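What you see is a predicted model; the values in this text were computed from it and never measured. Ligands are counted one by one from 1 in listed order, and the atoms in each one are counted from 1 as well.
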Amino acid sequence: MSDLTFNKVAGAVLATGLAIVGLRELSSGVFAPHPVDKPGYLVQVAEGGAEGGAAAEAPIDWGTVLPTADVAAGEATFAKCKSCHSIEQGGPNGTGPDLWGVVGRKPGTHGGFAYSPAMTDFGAKQPVWDYEHLSEFIKGPQKYIAGTKMTFVGLKKPEDRINLIAYLRSQGGTLPIPAPNPAAAAAPEAAAPADGAAP
Ligand code: HEC
């Protein structure tokens, strides 16, 4: 290697080094580390207690909310149920029973499905699946009917359940929509804004 070549190589190496140091300086200026206000994540988990979620929630006035519910949104939400339930008339039972006409049906009585004893017992006390019982069941199946074999976490948002139940009703449901009763929705413990209290 001649001296000249050596100088060229050394120069190139030096220039590269300088460039790297320069870039690093530059980027630390551009991407200044931001101080973190809160370390880590704050994960908010609804308390599991039976009263936990329920206390804050206003009773739903079905007569008011059902006529204006978003059935298409409810159908979209039903995607969460489809892995276990069909909802066609005469549809097959899957992991769960076919849900055609479930609104107004006696709980635990769909032909050809082996219900849990818990669901059969529930059906012995409860003549039909009405809006309120469906809503409570779908909100937290295993909390509401201890021992049910429906292993679904539940839909916590009232709007999701309202839209979903409006969709279920549109699929062969036999229960009429009750008259609006805003007073019921504005009942005692309804501290939360009474969604649906307005006409
Ligand atoms: C992991 C499977 C699974 C998912 C997901 C699921 N279910 Fe179920 N569902 C079941 C099973 C199993 C039963 C029967 C429960 C029993 O016998 O205790 C059931 C029962 C029911 C019943 C009572 C039916 C009757 O004939 O009395 C309703 C209503 C219902 N499911 C609605 C829903 C809705 C709405 C969703 C979606 C938000 C859903 N399920 C999601 C498995 C599931």
Side-chain angles (χ1 to χ4, degrees), residues 44-178 184-185 192 195-196:
Q44 285 184 335
V45 179
E47 274 305 314
E51 305 91 325
E57 199 178 289
I60 297 171
D61 177 25
W62 294 98
T64 300
V65 297
L66 279 178
T68 56
D70 188 342
V71 175
E75 181 171 9
T77 302
F78 190 74
K80 298 189 173 162
C81 324
K82 272 186 177 159
S83 56
C84 298
H85 291 287
S86 67
I87 189 157
E88 295 89 53
Q89 187 164 20
N93 293 323
T95 305
D98 181 64
L99 291 181
W100 172 264
V102 76
V103 176
R105 182 162 98 190
K106 188 169 177 61
T109 58
H110 187 61
F113 185 79
Y115 289 92
S116 66
M119 184 60 79
T120 310
D121 289 353
F122 180 74
K125 295 179 298 197
Q126 181 58 33
V128 294
W129 276 121
D130 60 18
Y131 305 115
E132 199 49 48
H133 287 90
L134 274 174
S135 178
E136 290 302 312
F137 178 57
I138 293 167
K139 181 160 114 189
Q142 293 179 321
K143 232 182 267 171
Y144 192 58
I145 301 182
T148 180
K149 56 180 186 175
M150 172 152 147
T151 51
F152 175 71
V153 60
L155 293 177
K156 301 300 171 217
K157 284 200 206 147
E159 315 89 81
D160 287 351
R161 297 197 305 274
I162 290 166
N163 293 336
L164 176 67
I165 288 170
Y167 169 69
L168 293 179
R169 181 176 183 278
S170 76
Q171 304 298 302
T174 53
L175 206 64
I177 294 180
D195 48 349

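With 3.5 Å as the limit, one finds a donor-acceptor pair spanning the side chains of Asp98 and Ser86.
Residues satisfying the salt bridge (Lys or Arg N to Asp or Glu O under 4.0 Å) test with Arg169, not counting sequence neighbours, are none. Every ring-ring contact (aromatic ring centres under 6.0 Å, His included) that Trp62 has, sequence neighbours left out, goes to Tyr131. Under the ring-ring contact (aromatic ring centres under 6.0 Å, His included) criterion, Phe152 pairs with no residue at all, not counting sequence neighbours.
Note: Phe78 and Tyr167 meet the aromatic proximity criterion, with ring centroids under 6.0 Å apart.
The aromatic rings of Trp129 and Phe122 sit tilted, their planes meeting at an angle between 30° and 60°.
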Would you tabulate the polar-atom pairs, meaning N/O of ligand 1 against N/O of the protein, with distances under 3.5 Å, reported to 0.1 Å?
unit_1	atom_1	unit_2	atom_2	d
ligand 1	7 (N)	His85	NE2	2.7
ligand 1	9 (N)	His85	NE2	2.8
ligand 1	17 (O)	Ser116	N	2.8
ligand 1	17 (O)	Ser116	OG	3.4
ligand 1	18 (O)	Ser116	OG	2.5
ligand 1	18 (O)	Thr148	OG1	2.7
ligand 1	18 (O)	Lys149	N	3.0
ligand 1	26 (O)	Arg105	NH2	2.9
ligand 1	26 (O)	Tyr115	OH	2.5
ligand 1	27 (O)	Gly108	N	2.8
ligand 1	27 (O)	Trp129	NE1	2.8
ligand 1	31 (N)	His85	NE2	2.9
ligand 1	40 (N)	His85	NE2	2.8

